[in-house]
Amino acid sequence: MKRFLSLIILLSAVTIALHAQNLLRLGVKGGFDIQDMRFDEEVFKTQNKLGWFVGPTIQVSLPVAGLGLDIAGLYDQKSTKVNGNSIKQEYLLVPVNARLTLGIGEAAGLYIAAGPQFAFNIGDENEFEWTHEYIQNTFQLKKSALSVNLGAGFFLSSHLEFGFNYNVSVTSTAEASWDAAFDAIKDDTKPKSWQISATYYF
């Protein structure tokens with residue numbers, strides 16, 4: 001417990017110091033995403049769904065001009081259908097992106113970004129079973145996942161920024177299986193998604 005409190009105090013001190021030197025900006029990010037969840041087998045049919053996300057974000061400037069880091073903690077909610085079953089997905093997303101900014105002063109500019117994203121399932125496990133033509137099917141979301149972000153965007157002032165991001169899963173986010181007579185098959189899904197976001201920095 002003492003180590004945890006010491007870590008919180010240390011992080012708070014670093015944050016205050018960086019903010020005082022104008023090397024750190026605090027903001028709020030929100031947006032929409034479209035997820036493409038696919039399984040290799042036709043037994044499980046899925047549909048793409050629109051989701052949304054929102055949460056705090058920080059931007060850290062590095063000593064090299066134009067280089068920085070984006071770190072956020074986003075509540076993400078989306079829904080999809082697997083063989084007619086509605087699935088509500090709730091995640092805590094933690095993207096950690098390196099970024100290169102090409103600006104025209106503080107008035108406007110472009111940026112590109114890339115990095116890992118960690119996802120933690122904070123909703124229901126969404127595990128269910130059903131029988132179809134003598135085949136027992138099961139589906140379950142996993143507790144955590146790792147993906148990679150590739151993105152770009154632009155800013156119109158020192159406060160407002162818009163971004164477009166493509167996210168590709170490295171690890172699977174869900175597992176499906178079905179048992180027929182003398183045959184048992186498992187299949188994982190590694191979804192891809194497009195994200196459109198807006199960020200306001202204080």
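Note that the numbering runs from 1 along the sequence shown for the chain.
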Check your understanding: CG of Leu110 to CD of Glu161: how many Å apart, nearest 0.5 Å?
Key -> 10.5 Å

Review point. If you round to the nearest 0.5 Å, how far is CH2 of Trp52 from CZ of Phe32?
Key: 9.5 Å

Review point. According to a 4.5 Å side-chain heavy-atom criterion applied to Ile, Leu, Val, Met, Phe, Trp and Tyr, with indirect links allowed, do Phe118 and Ile122 form part of one hydrophobic cluster?
Key: yes

Check your understanding: So, do Tyr201 and His159 have ring centers that fall under 6.0 Å from each other?
Key -> no

Check your understanding: Run the side chain to side chain contact (heavy atoms under 4.5 Å, CB included) check on Tyr75 and Glu90 step by step: do they pass?
Key -> CA-CA 7 Å; Tyr75 170 77; Glu90 294 179 279; 2.5 Å; yes

Exercise for review: Using a 4.5 Å cut-off on heavy atoms from C-beta on, say whether the side chain of Gln117 contacts that of Asn167.
Suggested key: yes

Check your understanding: Got a second to check how far Gln195's CD is from Phe164's CZ, nearest 0.5 Å?
Key -> 12.5 Å

Exercise for review: Would you confirm whether Thr57, through its side chain, and Ile71, through its main-chain N or O, come within 3.5 Å as a donor-acceptor pair?
Suggested key: yes

Exercise for review: Say whether Val54 and Ile34 are linked into one hydrophobic cluster, either directly or through other cluster members, by side-chain heavy-atom distances under 4.5 angstrom.
Suggested key: yes

Check your understanding: Do you reckon Leu26 sits in the same ILVMFWY cluster as Tyr111, going by side-chain contacts under 4.5 Å, direct or chained?
Key -> no

Check your understanding: Between Val148 and Leu92, is there a shared hydrophobic cluster once you connect ILVMFWY residues whose side-chain heavy atoms come closer than 4.5 Å?
Key -> yes

Review point. Angle class for the Phe202/Tyr200 ring planes (parallel below 30°, perpendicular above 60°, tilted otherwise)?
Key: perpendicular

Review point. Can you find a heavy atom in the side chain of Phe120 that is under 4.5 Å from one in the side chain of Leu93?
Key: no

Point to revise | Contact check, side chains of Phe155 and Thr101, non-hydrogen atoms, under 4.5 Å | key: yes

Exercise for review: Mind checking the CZ-CG spacing from Arg99 to Leu69? Nearest 0.5 Å is all I need.
Suggested key: 10.0 Å

**Study point:** Pro95 side chain reached by Leu74 side chain, heavy atoms, under 4.5 Å
**Key:** yes

Practice item. Calculate, to the nearest 0.5 Å, the distance between atoms CD and CZ belonging to Gln59 and Arg25 respectively. Key: 4.5 Å

Practice item. State, yes or no, whether a side-chain contact exists between Lys192 and Tyr166 at a heavy-atom distance under 4.5 Å. Key: yes

Check your understanding: For the hydrophobic clusters of this structure (ILVMFWY residues joined by side-chain heavy atoms under 4.5 Å, transitively), does one cluster hold both Leu150 and Leu146?
Key -> no

Study note, to complete from the structure: Closest heavy-atom pair, Gly51 versus Lys78, reported as atoms and distance to 0.1 Å, is CA-CB, 3.7 Å

Exercise for review: Apply side chain to side chain contact (heavy atoms under 4.5 Å, CB included) to Ile196 and Phe162, showing your working.
Suggested key: CA-CA 8 Å; Ile196 301 174; Phe162 297 93; over 6 Å; no

Review point. Does the pair Asp33 and Ser193 meet the rule for a side chain to side chain donor-acceptor pair (under 3.5 Å), with working shown?
Key: CA-CA 6 Å; Asp33 59 7; Ser193 64; 5.0 Å; no

Review point. Measuring from Leu24:CG to Ser61:OG, what's the distance to the nearest 0.5 Å?
Key: 8.0 Å

Revision key, fill the gap. Between Ser147 and Ser169 the two heavy atoms that sit nearest each other are CB-CA, 3.6 Å

